[in-house]
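Throughout, protein chains are lettered first and strands after them, A, B, ... in sequence-line order, and every chain is numbered starting at 1. In what follows, every heavy atom counts, from backbone to side chain, and hydrogens, waters and symmetry copies are set aside.
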Amino acid sequence: MYAAAVFLPLLAATIAGLFGRQIGDRGAQLVTCSAICVSALLSVIIFVEVALGGEARQIELFEWIRSGTFEASWALRFDTLSAVMLIVVTFVSAAVHIYSIGYMHHDPHVPRFMAYLSLFTFSMLMLVTADNLLQLFFGWEGVGLCSYLLIGFWFDRPSANAAAIKAFIVNRVGDFGFALGILSVYFIFDSIVFDTIFAAAPQHAGTVMSFLDLDLPALEIACFLLFIGAMGKSAQLGLHTWLPDAMEGPTPVSALIHAATMVTAGVFMVARLSPLFEYAPGTLGFVAFIGATTAFFAATVGLVQNDIKRVIAYSTCSQLGYMFFAAGVSAYPAAIFHLMTHAFFKALLFLGAGSVIHAMSDEQDMQKMGGIWRMIPVTYVLMWIGSLALAGIPIFAGYYSKDMILESAWGAHTGIGDYAFWMGIAAAVMTAFYSWRLIFMTFHGQPRASEIVMAHVHESPPVMIGPLVFLAIGAVFAGLVGYEAFVGDGMHRFWGDSILILPEHRAMEAAHHAPAWVKLLPLVMGVTGIALAWLFYMAAPGLPGRLAGSLKPLYLFLLNKWYFDELYDRIFVRPAFALGRGLWKGGDGAIIDGLGPDGLAATTRRIAVQTSRLQSGYVYHYAFAMLIGVVMLISWYLYRQGM
Amino acid sequence: MNPMPASEAMVFSPAVPEIFLACAAMALLMIGVFRRSDESRTLSTLSVATLAIAFVLVVIFGREPARAFEGLFIVDQFAVFMKALVLIGSASAIVLAVRFNANEGLDRFEYPVIVVLATLGMMMMISANDFIALYLGLELQSLSLYVLAAFRRDSVRSTEAGLKYFVLGALSSGLLLYGASLIYGFAGSTGFDALARVLAAGAPESTWIGVVFGLVFVSAGLAFKVSAVPFHMWTPDVYEGAPTPVTAFFAVAPKVAAVALFLRVLTGPFGPLVADWQQVIVVISVGSMLIGAFAAIVQTNIKRLMAYSSIGHVGYAFVGLAAGTEAGVRGVLIYMAIYLFMNLGTFACILCMRQNGRMVEDIEDLAGLSKTHPMVAAAMGTFMFSMAGIPPLAGFFGKVYVFLPAIEAGLVTLAVIGVLTSVVSCFYYLRIVKIMYFDEVVEPFDRPIGREVGAILWATGLVILLFIVYPAPILAPATTAAASLFGG
């Protein structure tokens, strides 16, 4: 049963992928959807047994690599952490699978799409149930591959291909760090199996490793490198540039991969490796710093974007920042809690946006929307729910998890914790603002779309609305239901051994005793943001334009996403192109080809012509050559004798 | 070597295959003369049968090493192996010629008979244990070959080829005889056994030089027969001028016989002088590999190309000989066996090159062969890849078995040159494949290709393809043959 939950999606992906032609669109949808639904049901049972029943277990499938002291098996690790992730992944994935039936029904490549989705789900499940770092890496790369395939799903669009390649390459940078991290873990612990390294971590807290004659704290280095991998996968500041572009993929993909599951793999990894990170306080500080900065940065960019999916994408980036700074102050349960609630409401927002796009005949620019809330009321209500959850309004899921994170940051009582707290508060205002900016621009005001488009606006079919409703239920209740177990008093019993928090890291405890203003501030900020959005886009619609005009540099700075893409283009892409072109034209073309293949070939031909010219056809030439040959052989022989 | 027992003095039985072949050749000649018909199919069939019987006799009477005619004639595993190759080559040459000769107006009964006589000469060469016997066999073979080269009497090119071959062949015979007389003068014997005894015992410096000079001359004479550089210049002209089945015959049987002579002379009587002749062989080998690789590139005529290819192959075979070890000789034997099959197959393909009843010989004429004659093109491709030495085909292993002993004997430079030249030679082999598979058909070849040619194609192609799976039929006898040359 445990293995089936993981491998059913693989089976479905294989069937849909290889036999898509035979079973047709319907067959592929049926196979993949039923597999993922069964997998989701099994996950519930696993969750009940493992997380609620407290029976963590490992299932060894078979040996993979054994070489010297290096051992890696295919093994599934089920503890509370992976059980939670199983629930999140399979539920969201099931919702997205079903939603895709409706969303993609015009597409000519339905079986391929469903196969990719299922393959992604399998990879993600492998990732969360990994029992060693190599298997984690397998899942990590698997989801990366699927992400690449799905971003570039519409392969006839150049922009989709470019985005897919960008995602892949930027992730390469992170994965390189991750791979180095795994190597250093093996270097330190002589093992990559979780149980072994976790047990040995305390002894190695002070271990140093020597690199370039520098004695560096080994665990810090390993954790830092691993976190580089997490930054790439979870689109943290510096390696975030691929995520907004990844919105080129079909919207269900954005919801599943680039909001709910894959991008949270970095957070999961940090939580999974909490027994290591706990002994690397320096790296934890770095994690918190990057997370807080990302939360703030992405929120500012989200304020001015006009593409509906990009707004949500930057929102995702920002929310991931929240999760990371929670992890950075050792509030891993809060991070995972937010991961879960976020998965529901962000998938809801994305799929809702997809429903809007569907209704607006594939229009994504919010400047060309407006005034459609009466025409698609269900979607409208669902978007409200998602936004309320995102903004952290009470009883909605985001309220519990986000507040917990902010309180933990405050409760850390460290410099970096305070920094994270204030960054988070600032981001909270902006989050609320851009969420309602999105709602107001999309649904209210005067219609800005053409009449033909407006005439076509229609509510999505039940097969799309159904999953949305399901996710909405999650977005409303997940926080309320999960609070006690995830971050409340039942926390230690719930998480068991799956997450380690050293006793001296007391952020979570302190969070529960935070003063009233700390608890209230996020809510106030959220409401302020909503009010501001109302002021800007409903009450005084001329205000944003004037503001943008008077603060033009700042506006452009935000609109261009802090010029990260331009900066990278200058610093990395163009020099790399120049270097590549130089090596190609100058190095390969002129030097290697010139001297090697081309030059050598020309020389060969010259020699060939000359040797065949020796062949005159005259017998006396030939006879002469023979006699000269004998003389030369004898001379050669005598010469050698002389030596 | 032990002094020969008196009982060996007048033993004939080891020479039974040769005696049979001599008698049969006479009989065939008589049949041909008195049948008053120019049709050669019957005689060809009879000749092939004769060669087949000779093959059986060779195997039967070659079980035990033996000498005959007072030590002039020797039979051992080495001789059996080489004779077997020669017989296969000769028989195939007759088979390949049947249809060709009929089409080209060359349907004369002398052809198979002369091939049989030439074969007799080669078998004598292989079994020669004395310079006199060696020369006898060599001349019988050469005279037959001169005639064959000029077999198409009404063609200027063919007669020119025959004449050139004859003049230069006479020169080479002169060199050989001169060398043999020098050796006789300095060492006091023409018999290989006696020479081996004398040279093994060591000799004063003056004698040594004389013997080595003689050896260089003998090598020059033999090198002419295997068309090794710098005695190769007749090869392209003769190969191009002679009728194609004759070229096929030239490219295989006489080469095998002459290489056998080389091996026996150098490792037998002159075995003690290995350090001396090694240098000469290395030079010949390098020269042959270079000329074979480079000069072939600009050829447009496929038969000329094959001539240079065969020069190159002799160079590779000599890499093994230069090592001077048992493993090296074994390598040469394997190489020659594989070379024989590759070449027979290739010439079978060349014999398919016929447009509107007329033979064509330009490489460009092969264009698009894969579309008109897929099987022939596939076979030709196989042979070309094999000749270029690309695994998993037999040609690759042939090269491995000669290069490895050379490296073990410290001749690393030689092996490296061998590898580099075979890279160069890849160009023209693969160009043929490219022309067959990627160029557009200009004019298709005639159909059908003929049963005999088809059979040879299949047989040789299978040998080349299956060597990797089941190499024992070549490896095992080659190993014992090489051992017999060194052990006995």
Side-chain angles (χ1 to χ4, degrees), chain A residues 18 21 65 67 155-156 580-643, chain B residues 160 163-168 170-172 174-175 178-179 205 208-209 212-213 215-217 219-221 223-224 228-238 240-241 275-284 287 290-300 304 307-308 420 423-424 427-428:
Chain A
L18 297 182
R21 270 173 223 275
I65 301 173
S67 166
F155 53 80
D156 47 356
R581 197 171 294 274
L583 287 178
W584 167 39
K585 295 272 191 196
D588 189 52
I591 297 174
I592 296 182
D593 275 357
L595 296 182
D598 294 351
L600 211 58
T603 315
T604 306
R605 186 157 281 272
R606 235 182 0 260
I607 295 175
V609 171
Q610 275 161 9
T611 39
S612 67
R613 206 172 279 160
L614 291 175
Q615 202 72 30
S616 60
Y618 294 118
V619 175
Y620 60 89
H621 281 172
Y622 295 1
F624 181 71
M626 285 171 65
L627 292 176
I628 290 292
V630 174
V631 173
M632 271 170 39
L633 283 181
I634 290 179
S635 313
W636 169 250
Y637 169 70
L638 288 176
Y639 168 72
R640 293 294 298 234
Q641 283 300 101
M643 288 168 69
Chain B
E160 184 192 324
L163 194 64
K164 266 184 191 167
Y165 191 29
F166 172 65
V167 173
L168 296 173
L171 181 62
S172 81
L175 291 175
Y178 184 60
E205 184 72 11
W208 200 260
I209 289 281
V212 171
F213 263 60
L215 179 59
V216 172
F217 274 92
S219 303
F224 175 84
V229 173
F231 312 101
H232 66 285
M233 304 196 75
W234 60 275
T235 326
D237 294 3
V238 173
E240 188 186 359
D276 294 298
W277 56 255
Q278 196 175 44
Q279 300 161 18
V280 176
I281 295 297
V282 167
V283 173
I284 292 179
L290 288 175
I291 293 283
F294 283 98
I297 288 178
V298 285
Q299 302 306 326
T300 54
R304 275 188 95 83
Y308 284 109
L420 290 181
V423 171
V424 175
F427 169 76
Y428 54 81

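Considering every non-hydrogen atom in both B/Phe231 and A/Met626, the closest pair reads CE2-O, 3.2 Å. B/Pro230 and A/Gly629 get closest at one heavy-atom pair: CG-CA, 3.5 Å. For the pair B/Ile297 and A/Ala608, the tightest heavy-atom approach, listed with the atom from each and the gap, is CB-CB, 3.8 Å. In terms of heavy-atom proximity, A/Arg605 sits nearest to B/Phe427 at NH2-CZ, 3.8 Å. Shown here for B/Met233 and A/Ala625, the closest heavy-atom pair between the two residues is SD-CB, 3.3 Å.
With a threshold of 4.5 angstrom between heavy atoms, A/Leu627 approaches chain B through side-chain atoms but not through N, CA, C or O. For B/Ile291, the part lying near chain A is the side chain, with the backbone staying farther off; criterion is any non-hydrogen pair under 4.5 Å. Using a 4.5 Å cut-off between heavy atoms, B/Ser219 does not touch chain A at all. When heavy atoms are compared at a cutoff of 4.5 Å, B/Val212 approaches chain A solely by way of its side chain, counted from C-beta outward.
Within the model, atoms CZ of B/Phe213 and CG of A/Leu633 stand 11.0 Å from one another, a figure rounded to the nearest 0.5 Å. Distance CD/B/Gln278 to OH/A/Tyr637: 12.5 Å, rounded to 0.5 Å.
Scored by the salt bridge (Lys or Arg N to Asp or Glu O under 4.0 Å) test, B/Glu240 finds B/Arg157, B/Arg304 as partners (sequence neighbours excluded).
Taking chain A as the reference chain and counting heavy-atom pairs below 4.5 Å, the highest number among B/Val424, B/Val280, B/Asp276, B/Leu175 is found for B/Asp276.
Contact of the B/Leu163 side chain with the A/Val619 side chain is not registered, since no non-hydrogen atoms from C-beta on lie closer than 4.5 Å. At a threshold of 4.5 Å between non-hydrogen side-chain atoms, the residues A/Tyr620 and B/Val167 do not count as touching. Looking at heavy atoms from C-beta onward, A/Tyr622 lies out of side-chain contact with B/Leu171 at the 4.5 angstrom threshold.
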